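Note sheet for the following structure.
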Amino acid sequence: KAGVTQTPRYLIKTRGQQVTLSCSPISGHRSVSWYQQTPGQGLQFLFEYFSETQRNKGNFPGRFSGRQFSNSRSEMNVSTLELGDSALYLCASSLVGQETQYFGPGTRLLVL
Amino acid sequence: AQSVTQPDIHITVSEGASLELRCNYSYGATPYLFWYVQSPGQGLQLLLKYFSGDTLVQGIKGFEAEFKRSQSSFNLRKPSVHWSDAAEYFCAVGAVSPEGTYKYIFGTGTRLKVLA
């Protein structure tokens, strides 16, 4: 069974731009969670989607948003990028959400 | 408040030596417990997990962890470290928040260096 895939793997943007990251969960998994990983803050939870609905949300500004499609694929969007948004963005999937999460390789975003 | 503490930011061991990485959590009930490993530039790979039952759990790559309720700990161990084990290790807790939602809480990670 294929693992969690994330595209693109690397991205360079400039301040003020917006970006969309994509995540395809493991087949059959319906829950997708997003995390931001930085050297200073570690792994921080962004949000979780289940059955196309945001079920859980971390403490991030409204510039960070996401959605989930009927096939469970998920996208996250960051608008008006700031230098501090440079990070590794990780997506994780699980069957229904309240058990083990499996992580993708991440998308490394650099904001210049 | 729910939290996970990994007190060791960096650990250096010689190849072939034993390893123990510490993890302590704060949670009112028994949480789901996980250890993940992250190689540079990669995502997180699940090493092992504890939900209930036997408090000593075996994982991949020769790792094991022991849940100790009295100490609120879930330490990761390996009897003999290999150079390929050099990576960052994260302890995580899956718990229900005061708001009633389930979420993962990660520790800050322990970076392992292995000396040849």
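Per chain, numbering begins at 1; letters A, B, ... match sequence-line order. Heavy-atom basis, side chains included; hydrogens, waters and symmetry copies ignored. Model, not experiment: these values are computed from the prediction.
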Hphob cluster co-occupancy, [X] + [Y], side-chain heavy atoms under 4.5 angstrom:
X	Y	answer
A:Leu90	A:Phe64	no
A:Leu46	B:Val93	no
B:Leu44	A:Leu21	no
A:Val78	A:Tyr35	no
B:Tyr50	B:Ile105	yes

Mutual orientation of the aromatic rings belonging to B:Phe106 and A:Phe103 [parallel < 30°, tilted 30-60°, perpendicular > 60°]: perpendicular
Interchain contact, A:Gln37 with chain B, by part (heavy-atom threshold 4.5 Å): side chain
Straight-line distance of A:Gln101 CD to B:Tyr36 OH, nearest 0.5 Å: 6.0 Å
Rounded distance [0.5 Å steps], CD in B:Gln38 versus CG in A:Leu43: 6.5 Å
Shortest non-hydrogen separation from A:Tyr102 to B:Lys49 and the atoms involved: OH-NZ, 4.2 Å
Closest non-hydrogen atom pair between A:Thr100 and B:Tyr104, with its separation: CA-OH, 3.5 Å
Interchain contact, B:Lys103 with chain A, by part (heavy-atom threshold 4.5 Å): both
B:Leu46 versus chain A, the contacting section by heavy-atom distance below 4.5 Å: side chain
By side chain to side chain donor-acceptor pair (under 3.5 Å) - contacts of B:Arg22 (at least two apart): B:Asp8
